Enquirer: 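Quick one: structure below, then a few questions.
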Amino acid sequence: MKEAKLKRPFADTVTNTEATHTQSIQSDDSRPFCIAEVAVPLDIDNTFSYLVPERLIDNIKHGVRLFVPFGRRKITAYLLGYRFAKESEPLKEILEILDDEPLWTEKDLVFLRWISGYYLHPLGKVLKAALPNGINVQSRTNAEGEGVTGGKKVLREKVFSPTEADRSAFKLKEKNQNILNFLCQNAETSQKELRKMFGECGQNLKRLVELGLIQKNEREVYRDPFAGYSVTKDSPKLLMQHQSEVLAAIIDAADSRTFSPFLLHGITGSGKTEVYLQAISHILERGDNALVLVPEISLTPLLVQRFRARFQEGIAVLHSGLSDGERYDEWRRIRRSEVRIVIGARSAIFAPLQQIGIIVVDEEHETSFKQSEGLRYNARDLSLVLGRQENAVVLLGSATPLVTSRFAAQQGKLGYLHLPLRVGSSSLPETTVITTKMTPETPISATLIQSLSDNLERGEQSLVFLNRRGFSSCLICNDCGADLQCPNCSVSLTYHRQRLKSICHYCDYQVPFPSVCHSCGSTDMKEMGVGTERVEHELRTIFPKARIARMDSDTTCGKGAHALILNKVESGEIDILVGTQMIAKGHDFPGVTLVGVLQAEGSLYLPDFRAAERTFQLLSQVIGRAGRGYLPGRVLIQAMNPGHYALETAACHDFEDFYKQELEFRQELNYPPFGFLVAIKFSATSESALIAVSESSAKLLSALKSSLMLRTEILGPAPAPIYRMRGRFRIQILLKDTNRVALRKILTAYLADRPVQSAVRETVDVDPVDLL
DNA sequence: AGCACGCCGACT
DNA sequence: GTCGGCGTGCTC
Ligand SMILES: [Zn+2]
Ligand SMILES: [Zn+2]
């Protein structure tokens, strides 16, 4: 054995899994050193200690960012705690305290530490991810860090208000008198608004200030992303029987003031939103606040409008379309308790909202609640953790709940609330499954063509759904049989006819058309597999007079393009809409009476244990698009091999049966919610590093198998030991129980022991665990 | 993340 | 000989 490493000069370095003592001991002469413990936003698990210099001791407080020397650079760091000590090892000094007010509370820190441990992500990076981007100062390498408190600019405006002075003592010009009267009768008013009412009035205001009749102040203004949307007040709607029962259960739980998580299972149009609104109203009345998480695509002005109509003021909206400045403004309003309701996409889980009484997660099954890079958190999962910490009600709402949620409800860990009825509307659509082999020449079966034709004649609208964009999913060489693949991702390139290119849907690698075979150089390439672009093309040939539109990420990349297509469908300007899963989400089309699903099993055989669940959810959603108006709906599902239970159960709307069969499948293979899953993804810079990792990971896997894992698995096509995807190599580890301590130990040991260190970067992806 | 240090192959 | 690329480890 080699001699142990040199003794490290810094003792007692705290790792971020342990709680740090943040309670400070008062400074006195016997304890002259103030030592700050700090997390940095880098790939480092331990924390660092700095000396707080004399000049900063009076300003130090919890929850602030610091500017510290780190190596030969200067970076932003996050203060975790500080203490006074008799003596100190030689430490570097903090350069600056970047915030006057705390950015996070002790409670927030508990939550963030939990996240750090659960997602195996350094605390400093978690803090960075949780804070709004506008606040962050770019680390400066040069010595002059002037203006370092920077971040996004705080906007100010001038406001005027009357003084106590005796107003009758002056004889004023008419305009001045009018302004003064106005100010006496109203709250302080900005110059901008006064200008609107009285025209250019800078001179008049200046005069009134000089006379001591009014005073000028500055106040911070917030950039308002939803300004200009007028609000018509509405009042709580009368609930149907099921809704009132559900609401009563929620209110009961809320009044217990204990952590009360619910699964609210209600099909689209069953009146979930009204239940949310009234539950939130109850929480607000008793003085607590509400956090509402919705998928990015559902976070529309229309939704915000609904909340504004009910609650008017005190609503903050956080979505990805905000500029850093706007987002920072909303964040500050929340921090200062100026709002009672926060509505946002996944990152809103980090909103600095205090006293949370209820967390609503709408469409909880949506994958967009999961962040797929950096800190790979799932806001749906975190809502449960936060709700537990805050003793809040957590409402997970969905028409097609996650298998995990459904299971937790069965176990009694989630309260199960069901809204079975469509409010004021029709029965479920009649659904037929057709067995067809889809070919590039005839992607649409004769039966579906006939139905579309009938629908056109009746003047009714149709949807055609295919979960694959592009013209053809790959090009195959007629000479040697090789398909055109992405050199980075080893997946077939999708041919896009309009753009005359073949494109990798993972990394956006492109080759122009006509293409040359990578292996033999032939230019004789055959189109294989069908995408939405081709379906649109074929439909135009079959129905030359029909008004046809396509909606997928290719046709909606422009700003407003998405809304434009939706509007056209809604106003009846479109007869047939072709699209990917995009047409399954978003708004209702009351005029649609026929839905055709092409290649329904398309997403079923992906190397993902949730493939069946995703397929079922998607199909259920698409099926639900038919017959939402007054006319009954009809659905035709085309599949090559329709025997899979995900298709069968979706077709006959048998939710119970789907969950039963899916849970059997999960249990047999120890997939969540029965097993615990962690994916380690590698990206390597060289082929040799890759091989080394492959070998060492095989060793890891066999070690895991022989120790505590009940089942370990490598995801992907055999016989490759590591699955290559999006330029990365992925192995997945499944554990039977949810013992994170054991997992962390094994992972840490593996990562430390791995042969190639920096040539390989791994990200650890923790998948759903039973958090209840 | 950067940055320095050390090891090994290639090259004026 | 030494120049430089890459792999490794450290930063209070
Ligand atoms: Zn070829
Ligand atoms: Zn690619």
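Every chain is numbered from 1, with letters handed out A, B, ... down the list of sequences. The shown structure was predicted, so the numbers you read here are calculated from the model rather than taken from an experiment.
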Enquirer: Is A:Pro41 touching bases, backbone alone, or none of the nucleic acid, heavy atoms closer than 4.0 Å?
Expert: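 Result for A:Pro41 = nothing.
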
Enquirer: For the residue pair A:Glu296 and A:Ser320, confirm or rule out a side-chain donor-acceptor distance under 3.5 Å.
Expert: yes

Enquirer: To the nearest Å, give me how far apart NZ (A:Lys74) and P (B:dA1) are.
Expert: 22 Å

Enquirer: Atom CD1 of A:Ile75 to atom P of C:dC10: distance rounded to whole Å?
Expert: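 Distance, rounded to whole Å: 17 Å.
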
Enquirer: Rounded to the nearest Å, what distance is computed from the NZ atom of residue A:Lys92 to the C1' atom of nucleotide C:dT11?
Expert: 7 Å

Enquirer: Using atom CD1 of A:Ile44 as one end and atom C1' of B:dG2 as the other, report the distance to the nearest whole Å.
Expert: 10 Å

Enquirer: So A:Phe70, base contact, sugar-phosphate only, or nothing? Heavy-atom distance under 4.0 Å.
Expert: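 Counting heavy atoms under 4.0 Å across all strands, the contact made by A:Phe70 includes a base.
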
Enquirer: Expressed as a whole number of angstroms, how long is the span from A:Asp45:CG to C:dG9:P?
Expert: 16 Å

Enquirer: Using whole Å, report how far CG of A:Asp43 lies from P of C:dG9.
Expert: 15 Å

Enquirer: Just verifying a value: how many Å separate A:Arg388 CZ and A:Ser383 OG, rounded to the nearest 0.5 Å?
Expert: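 Separation between the atoms: 11.0 Å.
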
Enquirer: Look at the side chain of A:Arg72 and the base of B:dA4, then say whether one donor and one acceptor between them are separated by less than 3.5 Å.
Expert: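 No such pair is found, so the answer is no.
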
Enquirer: Looking at residues at least two apart in the chain, or sitting in another chain, which of them share a side-chain hydrogen bond (donor to acceptor under 3.5 Å, both in side chains) with A:Thr105?
Expert: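 A:Asp108.
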
Enquirer: A:Asp554: what forms a salt bridge (Lys or Arg N to Asp or Glu O under 4.0 Å) with it, not counting sequence neighbours?
Expert: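 Partners of A:Asp554 under the salt bridge (Lys or Arg N to Asp or Glu O under 4.0 Å) test: A:Arg469, A:Arg499.
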
Enquirer: Would you mind reading off the distance between A:Leu79 atom CG and C:dC12 atom P, rounded to a whole angstrom?
Expert: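 Between P of C:dC12 and CG of A:Leu79: 17 Å.
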
Enquirer: Starting from P on C:dC10, measure out to CG on A:Leu42 and report it in whole angstrom.
Expert: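 In whole Å, C:dC10 P lies 15 Å from A:Leu42 CG.
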
